[in-house]
Amino acid sequence: MKLFDVYPLFDVTPVKAEDVYVYDEQGTKYLDLYGGHAVISIGHSHPEYVDAINDQVSKIGFYSNSIQNPLQHELAEKLVSFSGCEDYQLFLCNSGAEANENALKLASFHNNKRKVIAYKNGFHGRTSAAVAATDNLKITAPINAQQFVDFIEFGDLRSTEIILSQGETCAVIVEVIQGIGGLDECATEFYKGLEALCKQHNTLLIADEIQCGFGRTGDFFAFQEHGIEPDIISMAKGMGNGFPVGGILIHPDIEASYGLLGTTFGGNHLACRASITVLNILEKEALMQNANKMNEYFISKAKAIPEITNIKGRGLMLGLEFRFQVTELRKELIQKHNIFTGSSKNPNLLRILPPLTIQKAHLDVFFDALKEEL
Ligand SMILES: Cc1ncc(COP(=O)(O)O)c(C=O)c1O
């Protein structure tokens, strides 16, 4: 059977991975500055993570959500201590799109409205409501056109207000730092203004922290920097370090009822144990602090390279902008220097999303390779 051909592939076949390195069949070692698209948070195959997953699957890996699962409560408690989201409620699922799908659906259930505001260049996933709220016609099928979404320029509060005042919008969904869109972030006034407008118009504010959350920016959630309190926060990617797990944090004002949301696999024992272990290691190894430290080092090195016209992002969610398109540069980095990097909608932007365990010596290797190619 052929694979459904939906991805352009690099000719690399990883068979093993350890911390910031991925190894192919021939034993060639690649430096991973892409983290499998911002997924690897605590490093590949972290020994404590491997032990925890082995231990959990040997006891119980899965049972349906019709029983008590103390691991879900343990994960919820830990999330409070990292995020400060006291009294929020946790709903677990399996991916980022599913987290946003549930967030949007919950908002609509809550205030009984049906329109959504999303921002240009945003990405929220490929399922029904999530893809409809994603500013990319190429990935939106005719079946998704049944959703009512207003796309507004990122940062445009005035247009947001005009649409909100029509009273039909159930939710505003926003990536605090846009990922695939190219690492744009607005000033605090925008996020604060958005929070106030949403309250005023009985609309829920959904912070999509799927890529920028779980410690990647040096804060646990990127919105914390702006001092806002979103109604729903969606998470995935770094949450499981590769184990498929997602979730939403839900403001205490939003009430649950049986049947409102549901899932077969979401919140299973293995997923919870994976995510709890990620949080334990984030804390034990001070990885958010490391993200901040490595950010400073990265920026100081990047500033010394004249071909770089702009340095974007926070913590270890970074982008380097050039005057030229980076497709060839990425190819050279992977084929000649064995370094994985990421791309974005902005063709001139190289994205850097390494495991949060990365050290200065690894960044030195990257910058030496970059200088050689420029
Ligand atoms: C900001 C953001 N939201 C949602 C998603 C969708 O997540 P998933 O691919 O796990 O469905 C992504 C994935 O890249 C993302 O970056």
Side-chain angles (χ1 to χ4, degrees), residues 65 76 85-120 122-135 140-152 154 156-176 190-210 221 223 228-236 246-264 266-267:
N65 275 305
C85 291
E86 205 75 51
D87 300 327
Y88 275 59
Q89 308 155 86
L90 173 65
F91 177 76
L92 289 161
C93 55
N94 312 286
S95 70
E98 208 186 327
N100 283 334
E101 199 70 33
N102 281 295
L104 290 162
K105 183 176 169 188
L106 183 57
S108 181
F109 265 133
H110 179 72
N111 54 27
N112 209 22
K113 303 186 202 179
R114 59 197 283 192
K115 287 181 82 176
V116 169
I117 289 178
Y119 291 94
K120 291 196 180 157
F123 183 89
H124 300 293
R126 291 169 186 273
T127 57
S128 174
V131 79
T134 289
D135 179 27
T140 310
I143 196 171
N144 307 122
Q146 62 195 311
Q147 318 268 351
F148 302 96
V149 181
D150 290 300
F151 288 103
I152 295 177
F154 192 31
D156 183 351
L157 264 189
R158 182 71 195 121
S159 302
T160 305
E161 182 172 21
I162 290 168
I163 292 175
L164 282 180
S165 63
Q166 294 164 2
E168 296 173 74
T169 306
C170 68
V172 173
I173 185 164
V174 64
E175 286 171 272
V176 179
F190 170 70
Y191 301 100
K192 285 266 193 204
L194 208 50
E195 180 184 44
L197 284 174
C198 283
K199 279 207 168 57
Q200 187 185 337
H201 295 284
N202 184 28
T203 296
L204 297 194
L205 176 58
I206 302 171
D208 179 341
E209 290 271 351
I210 286 158
F221 286 130
F223 73 77
I228 58 166
E229 203 176 83
D231 298 296
I232 304 179
I233 301 146
S234 50
M235 328 170 276
I248 51 177
L249 299 186
I250 303 159
H251 193 277
D253 286 351
I254 302 167
E255 270 181 40
S257 63
Y258 295 143
L260 200 67
L261 305 178
T263 163
T264 298

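- Closest heavy-atom contact between F223 and P230: CE1-CD, 3.5 Å.
- Closest of all the heavy-atom pairs between A103 and I232 is O-CD1, 3.5 Å.
- Residues K115 and Q166 have side chains in contact (heavy-atom distance under 4.5 Å, counting atoms from C-beta outward).
- In this structure the side chain of I254 reaches within 4.5 angstrom of the side chain of L106, judged on heavy atoms.
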Check against side-chain contact (heavy atoms from CB on, under 4.5 Å), N65 and T263: CA-CA 8 Å; N65 275 305; T263 163; 3.9 Å; yes

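- A 4.5 Å side-chain heavy-atom check between V116 and F148 finds every atom pair outside the cut-off.
- Of the possible polar contacts, none joining the S108 side chain to the K105 backbone as a donor-acceptor pair under 3.5 Å is found.
- In this structure, the side chains of K113 and T203 come closer than 4.5 Å at one or more pairs of heavy atoms.
- H110 and L204 get closest at one heavy-atom pair: CD2-CD2, 3.8 Å.
- For the atom pair T160 OG1 and F190 CZ, the distance stands at 5.5 Å (nearest 0.5 Å).
- Proximity of D231 to D253: side-chain heavy atoms (C-beta onward) are nowhere separated by under 4.5 Å.
- No side-chain heavy atom of I173 sits less than 4.5 Å from a side-chain heavy atom of L205.
- Considering CZ of F221 and CD1 of I228, their distance stands at 11.5 Å, rounded to 0.5 Å.
- Taking CG of L261 as the start and CD1 of I248 as the end, the distance is 5.5 Å to the nearest 0.5 Å.
- Counting only distance, with no hydrogens or angles, the side chain of N144 and the backbone of A132 share no donor-acceptor pair below 3.5 Å.
- The 12-atom threshold is exceeded at CD of Q146, counting heavy atoms of other residues, nucleotides or ligands nearer than 6.0 Å.
- Counting heavy atoms from C-beta on, the side chains of Y88 and E229 come closer than 4.5 Å.
- Smallest separation of non-hydrogen atoms from I233 and C85: CD1-SG, 3.7 Å.
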R114 and C170: side-chain contact (heavy atoms from CB on, under 4.5 Å), yes or no, with the steps? CA-CA 6 Å; R114 59 197 283 192; C170 68; over 6 Å; no

What do the steps show when you test L90 against M235 for side-chain contact (heavy atoms from CB on, under 4.5 Å), and what is the final call? CA-CA 11 Å; L90 173 65; M235 328 170 276; 3.9 Å; yes

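- Under a cut-off of 6.0 angstrom, the local environment of CG in N112 is sparse, with at most 12 non-hydrogen atoms contributed by other residues, nucleotides or ligands.
- With values rounded to the nearest 0.5 angstrom, E168 atom CD is found 9.0 Å from D150 atom CG.
- In terms of heavy atoms, A99 sits closest to I210 at CB-CD1, 4.5 Å.
- D87 contributes no side-chain N or O that, together with a main-chain N or O of P252, makes up a donor-acceptor pair within less than 3.5 Å.
- The aromatic rings of F154 and Y119 lie tilted to each other, with the angle between the two planes from 30° to 60°.
- With values rounded to the nearest 0.5 angstrom, H251 atom NE2 is found 14.0 Å from I206 atom CD1.
- The two residues V176 and A207 make their nearest non-hydrogen contact at CG2-CB, 4.4 Å.
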I117/V174 under side-chain contact (heavy atoms from CB on, under 4.5 Å): CA gap, chis, key distance, verdict: CA-CA 9 Å; I117 289 178; V174 64; over 6 Å; no

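- Side chains of H124 and D208: a donor on one and an acceptor on the other come within 3.5 Å.
- A 4.5 Å side-chain heavy-atom check between E98 and N102 finds at least one atom pair inside the cut-off.
- For the residue pair S234 / E209, no side-chain donor-acceptor distance below 3.5 Å is found, with atom types taken as modelled.
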